[in-house]
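Taking it in order: structure first as structure tokens, then the write-up.
All ligand and atom numbering here is 1-based and tracks the order in the structure.
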Amino acid sequence: MLTLIDNALVHAPRPLGLQQVLVADGRIAAVATQIDLQGAAVRRLDAGGRWLLPGFVDLLTHPCGGGGEGGFGNRTAEVSLADFVRAGVTCPIGALGTDALGRSLEVLYASVMALRVRGLDAYMYSGSYRVPPVTLTGDVARDLVLIEPVIGVGEVAIADHRGTQPSPAELRRLASESRLGATIAGKRGAVLVHVGEGEQRLGPLRAALADSALPANSFIPTHCNRNQALLLEAFDLARHGATIDFTASTTPEFIAAGEVPALDALLQALEAGVDPACITLSSDAGGSLPLYRAGELCGLQQAGPGALLALLREALRRGVTDPEPVLAAMTSNPARALGLARKGCIAPGADADLLLFDPATGRLDDVMCRGQWLLRDNDLTVTPITVQS
Ligand code: ZN
């Protein structure tokens, strides 16, 4: 059965005005002001003038939890499918992060596949904070070739006391291995780099790129809004062609410690003339948000997937007149940076990952992934768990 979404203000993420969108076999079949259905049977949905957005592509999530500094009692929880769906994240990319000791890539893979079976289109990175990287098959290139959901490597930590302080040569090697595997598999193979609080900031990345044949977009540094000095270095890297990622999850303590809120970071980047296509936003959902003072852990919270939707609402509340760069940073930009060609846009041939968002109320009541409604009228319609006691 075809689905026709009518009377929707389409942000593709480029604003297209009022359009009809036809969905067939999990893909977008047509986008036009008046689609000729030629008598075909369709299920119609009147969007009532709401915005129709691509589902969010969240390039840093921890579906099986991530981190848990300070002891096992602080271990963060898994992110539920319902939480991703209600947050509009139809394409979460999972990473291990800090904890590749109490967690494994096998567990992450299982979490990603569970999300897929129940309706989301999830992917994952090989590796973790540590170099040499943990892998599923013995090396990252093999992981990219042999494990379909693996689309890159990350998040590899630099400038962080919890990382392994990789040298520029080690970062180069990792990016080259990832590119090799990605080339064989027809993937993009970007290396997501966690940038910590260390004074080195992006120095190790710059050094890795300076003496190599690697293009700047081989790496995607994340948490670039951690402080103003890092943010300015990130703008410079973006001017050389890198994609830079801002973390939308935050805490009042992080802001007090100098973090630039992700929306402010994005607006600053645009003001500074950074190409909007080089900017992405991610939630870090499931990851720990540890607060350190003088090297001592003094607080820990867990990030959730709702940070992207919250940022969009905040942008509208603050009267941002052009939402396209904000939306692109959550949809088409991460999809392009990761090589997910059918994600993050509303166009014929793209996957039908769609959100119906009311800009007046900020409500997100309808979410579709690959043509299946996972949320309708604010009711979850996800595949139920079949195991029964
Ligand atoms: Zn991180």
Side-chain angles (χ1 to χ4, degrees), residues 57-70 74-79 89 92-103 105 108 111 123-131 133-134 152-166 171 174 190-198 200-205 219-227 230-231 233-234 237 242-251 253-255 257-262 265 279-292 297 299-305 307-308 334 337-338:
V57 178
D58 192 343
L59 66 67
L60 177 56
T61 70
H62 302 280
C64 62
E69 294 84 341
N74 288 351
R75 202 173 153 79
T76 60
E78 287 194 10
V79 184
V89 176
I93 321 300
L96 272 185
T98 333
D99 180 10
L101 301 162
R103 294 181 172 89
L105 283 177
L108 175 59
S111 298
Y123 294 85
M124 65 182 279
Y125 300 101
S126 181
S128 72
Y129 266 30
R130 305 167 78 197
V131 179
V134 293
V153 177
E155 50 173 331
V156 178
I158 62 168
D160 196 299
H161 58 99
R162 295 164 295 170
T164 53
Q165 323 303 322
L171 291 170
L174 199 54
V191 177
L192 183 70
V193 178
H194 160 106
V195 189
E197 293 171 356
Q200 305 94 327
R201 294 190 282 270
L202 295 176
L205 266 196
F219 298 103
I220 304 173
T222 182
H223 314 313
C224 291
N225 54 322
R226 191 181 289 282
N227 56 58
L230 174 59
L231 189 62
E233 285 193 19
L237 201 65
T243 297
I244 55 174
D245 185 64
F246 303 144
T247 305
S249 296
T250 189
T251 69
E253 291 79 14
F254 279 22
I255 301 294
E259 184 177 277
V260 183
I279 303 166
T280 61
L281 293 160
S282 62
S283 74
D284 209 358
S288 56
L289 300 174
L291 186 68
Y292 286 90
L297 183 69
L300 185 134
Q301 296 184 42
Q302 180 166 0
L308 298 180
L338 297 172

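- Distances from the Zn ion (ligand 1) to each N, O or S atom of His194 single out ND1 as the nearest.
- For the residue pair Ser283/Asp58, the side-chain donor-acceptor check at 3.5 Å is satisfied.
- Nearest N/O/S atom of Glu155 with respect to the Zn ion (ligand 1) is recorded as OE1.
- Under a 4.0 Å N-O distance rule, the pair Arg201/Glu233 qualifies as a salt bridge.
- Between the side chains of Asp245 and His223, no donor N or O sits under 3.5 Å from an acceptor N or O.
- His223 contributes atom NE2 as its closest N/O/S atom to the Zn ion (ligand 1).
- Note: His194 and Tyr129 have tilted aromatic rings, judged against thresholds of 30 and 60 degrees for the angle between ring planes.
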